Number of protein chains: 2
Amino acid sequence: MPRRVDHDERRRHLTAALLRIASTRGLQAVSMREVAAEAGVSLRVVQYYFTDKRTLMLSGIAELAARLDRRVRERAAAIGTGLPPRTVFEVVLGAILPTDEASRADQLAWTAYYAAGLTDPAEAVDGRYAPDALERWLTGVLQRAVDAGEVPAGVDPRIEVVGLLALTNGLVSSVLGQQRDVADAQRVVAYRLDRLFGAAGD
Amino acid sequence: MPRRVDHDERRRHLTAALLRIASTRGLQAVSMREVAAEAGVSLRVVQYYFTDKRTLMLSGIAELAARLDRRVRERAAAIGTGLPPRTVFEVVLGAILPTDEASRADQLAWTAYYAAGLTDPAEAVDGRYAPDALERWLTGVLQRAVDAGEVPAGVDPRIEVVGLLALTNGLVSSVLGQQRDVADAQRVVAYRLDRLFGAAGD
DNA sequence: CCTTTCGTGGTACGACTGTATCCCCATAGA
DNA sequence: TCTATGGGGATACAGTCGTACCACGAAAGG
């Protein structure tokens, strides 16, 4: 047999190159030749490790979903359990906002994939990566806060969580579009959480 | 002189065809030939009325901005002045949500343009169409409600409005992605407004 | 040794793209 | 009636796209 190559490592390298292009020049700038050039390999290599362009694109979104999921999960793990619900929300929602260059790039690529999936059913984000799980988890956290009376009466945990996630997503959009900076977005989230958990002035 | 043609009308026709393609098959499916076919004319005609592809695309986003702006403005005018702030917010935010097929199509196209503008500075949405004006207007409305004591204490009108617009945008995304239906989105908005204006159970 | 097979460079093909060019026709002003 | 001109049909061109194909080097198994 000839020399063996770590296919997974090779694929990760190419996928990273793809996402670098997608986040800087957009998804429509992604061609097999461009990915090859960005990764410093020949067109043939891209063809070899991803037979299709479709396969290549799917690999991109899979990696992206994994990254975003990891970002939230890592921060959630870092703070352990038994923390005040307010802190949980602050950390989780804060992990969604594009605070550094890396997360901003990922969110840009994610938005590109999302928009493409709206009209091109082929490479639909399929959403089903985490939003549901995240929504359920946070709803549970808030529900327990309600049961413990740590939150003003009349709060509907499900709707409140849906609203918070939508709010965060909307803020992500405006941050990416540079209509607002991250600090502003964090302030809006913090304000909403203050109002929800009754911290300081409410 | 040969027969004169209404250039503006011709351009509107072509722009409508462009947006029809963008909202159904995506922005990347928009080519001069496709627009020509969708409009039932020859490629030359598209070239004639929009010299560039860039010009064509710009016309698309201009029309889109005008439509979205008109939708909000019409509903705002229909309810006149002097209405309770809560109603104003309900109508304006409700006008942003994609309730019928037409507004859904426009929001799809808008999202496509927005995503494209994030990485392709050329055809950037440039945002400056209305969001600022809308934000200022609503902030004024809410500020007056605060001054009149129609709203719980401690409410920051600016941040509250920014949050409501981000929330609505986030909901639009999830509705377009079919993770939620419009009724659900409207319910979330109504819930937030209830909490803000203290209607019913709060 | 030879041979099989993995990994890869190079290149060619057909289908698209935006843009440019050439030509004709119908009509309004002379 | 003649003619200049706005409107548009048809086609060509250079470029890029995804994909397919061919050939070759190198290394491992017989």
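All values below come from the heavy atoms of this structure, side chains included, with hydrogens, waters and symmetry mates left out. Being a predicted model, the structure only gives us computed values, none of them experimental. Chain identifiers are assigned alphabetically (A, B, ...) following the order of the sequence lines, protein sequences preceding nucleic acid strands; residue numbering begins at 1 within each chain.
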Rounded to whole Å, how long is the line connecting atom OH of Tyr49(B) with atom P of dT19(C)? 19 Å

Could you state the atom-to-atom distance from CG of Leu58(B) to C1' of dG18(C) in whole Å? 15 Å

Side-chain heavy atoms of Glu34(A) within contact of Glu38(A), under 4.5 Å: no

Identify, with sequence neighbours excluded, every residue that meets side chain to side chain contact (heavy atoms under 4.5 Å, CB included) alongside Arg11(A). His7(A), Asp8(A), Tyr49(A), Phe50(A)

Hey, are Asp184(A) and Arg187(A) close enough for a salt bridge, meaning a charged N less than 4.0 Å from a carboxylate O? yes

Candidates Ile96(A), Leu97(A), Leu64(A) - the one meeting side chain to side chain contact (heavy atoms under 4.5 Å, CB included) with Gln107(A): Ile96(A)

Near-strand residues of residues 31-47 of chain B, defined as heavy-atom separation under 4.0 angstrom from DNA chain C: Ser31(B), Met32(B), Arg33(B), Leu43(B), Arg44(B), Gln47(B)

Can you check the Tyr48(B) OH to dC23(C) C1' distance for me, whole Å? 15 Å

Side-chain contact, heavy-atom cut-off 4.5 Å: Val5(A) with Tyr48(A)? no

What is the distance, to the nearest angstrom, from the NE2 atom on His7(B) to the C1' atom on dG8(D)? 11 Å

Atom CZ of Phe50(B) to atom C1' of dG18(C): distance rounded to whole Å? 16 Å

Is a salt bridge present between Arg192(A) and Glu160(B), judged by a nitrogen-to-oxygen distance below 4.0 Å? yes

Can you tell me which stems involve DNA chain C, if a stem is defined as three or more consecutive Watson-Crick or G-U wobble pairs, both distances under 3.5 Å? C:3-30 with D:1-28

Contact between Pro152(A) and Arg195(B) at the side-chain level, heavy atoms closer than 4.5 Å - yes or no? yes

Output the rounded distance in Å from CZ (Arg4(B)) to P (dG8(D)). 12 Å

Value in whole Å for how far the P atom of dG7(C) lies from CG of Asp6(A): 10 Å

Quick check: closest heavy atoms across Val151(A) and Leu196(A), and the distance to 0.1 Å? CG2-O, 4.0 Å

For the pair made of CG in Asp52(A) and P in dC17(D), what is the distance, rounded to whole Å? 17 Å

Got Leu93(B) and Leu165(B) here, is their nearest side-chain heavy-atom distance under 4.5 Å? yes

